[in-house]
Amino acid sequence: MKKYVCSLCRWEYDPAVGDPDSGIAPGTAFEDIPEDWVCPVCGASKADFEAEEGEAEKAESDMAMWQCQVGNCGYIYRPDKGDRKGKIPAGTSFEDLPDDWHCPVCGASKKMFKKLA
Ligand SMILES: [Zn+2]
Ligand SMILES: [Zn+2]
């Protein structure tokens, strides 16, 4: 279930917590809240809430590039390209690579890679 944030005061509605003070039980999806419910902090209406974009941010950080630290190899794994030689499709984050994946240049294991800032 998605979290929603009040666009006026930034109060966050977490479906797992609900809003017990207003009679909204934990586990109630934002969509299932009565239309006359208002933000418990500032009184804004449901229409003033927006879905939190936390998941999009996470997807972005998963697409970080990783570099092989062996000697002068310096191979960089790019999630948007994948690794054709290792049969890794484009869009695979480094974290999702199989543990037996190896650097396609020098054969080093995943442990030898460092995340590029
Ligand atoms: Zn509010
Ligand atoms: Zn390497």
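Along the sequence shown, residues are numbered consecutively beginning with 1. In listed order, ligands and their atoms are each counted from 1. Values reported hereafter were calculated over all heavy atoms of this structure, with side chains retained and with hydrogens, waters and symmetry mates removed.
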Arg10 atom CZ, neighbour heavy-atom count above 12 within 6.0 Å: yes
Shortest non-hydrogen separation from Glu31 to Tyr4 and the atoms involved: OE2-OH, 3.2 Å
Cationic tip of Lys110 above Phe94 ring, under 6.0 Å, 45° of axis: yes
NZ or CZ of Lys46 within 45° of Phe30 ring axis and under 6.0 Å: yes
With the Zn ion (ligand 2) as the apex, the SG/SG angle for Cys103 and Cys68 - to 10°: 120°
Heavy-atom donor-acceptor pair, Gln67 side chain to Gly74 backbone, under 3.5 Å: yes
Any donor-acceptor pair under 3.5 Å from Ser7 side chain to Asp48 backbone: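 Yes, the answer is positive, given that a donor and an acceptor are paired below the 3.5 Å cut-off.
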Number of protein N/O/S atoms that sit closer than 2.8 Å to the Zn ion (ligand 1):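 That number is 4, waters not included.
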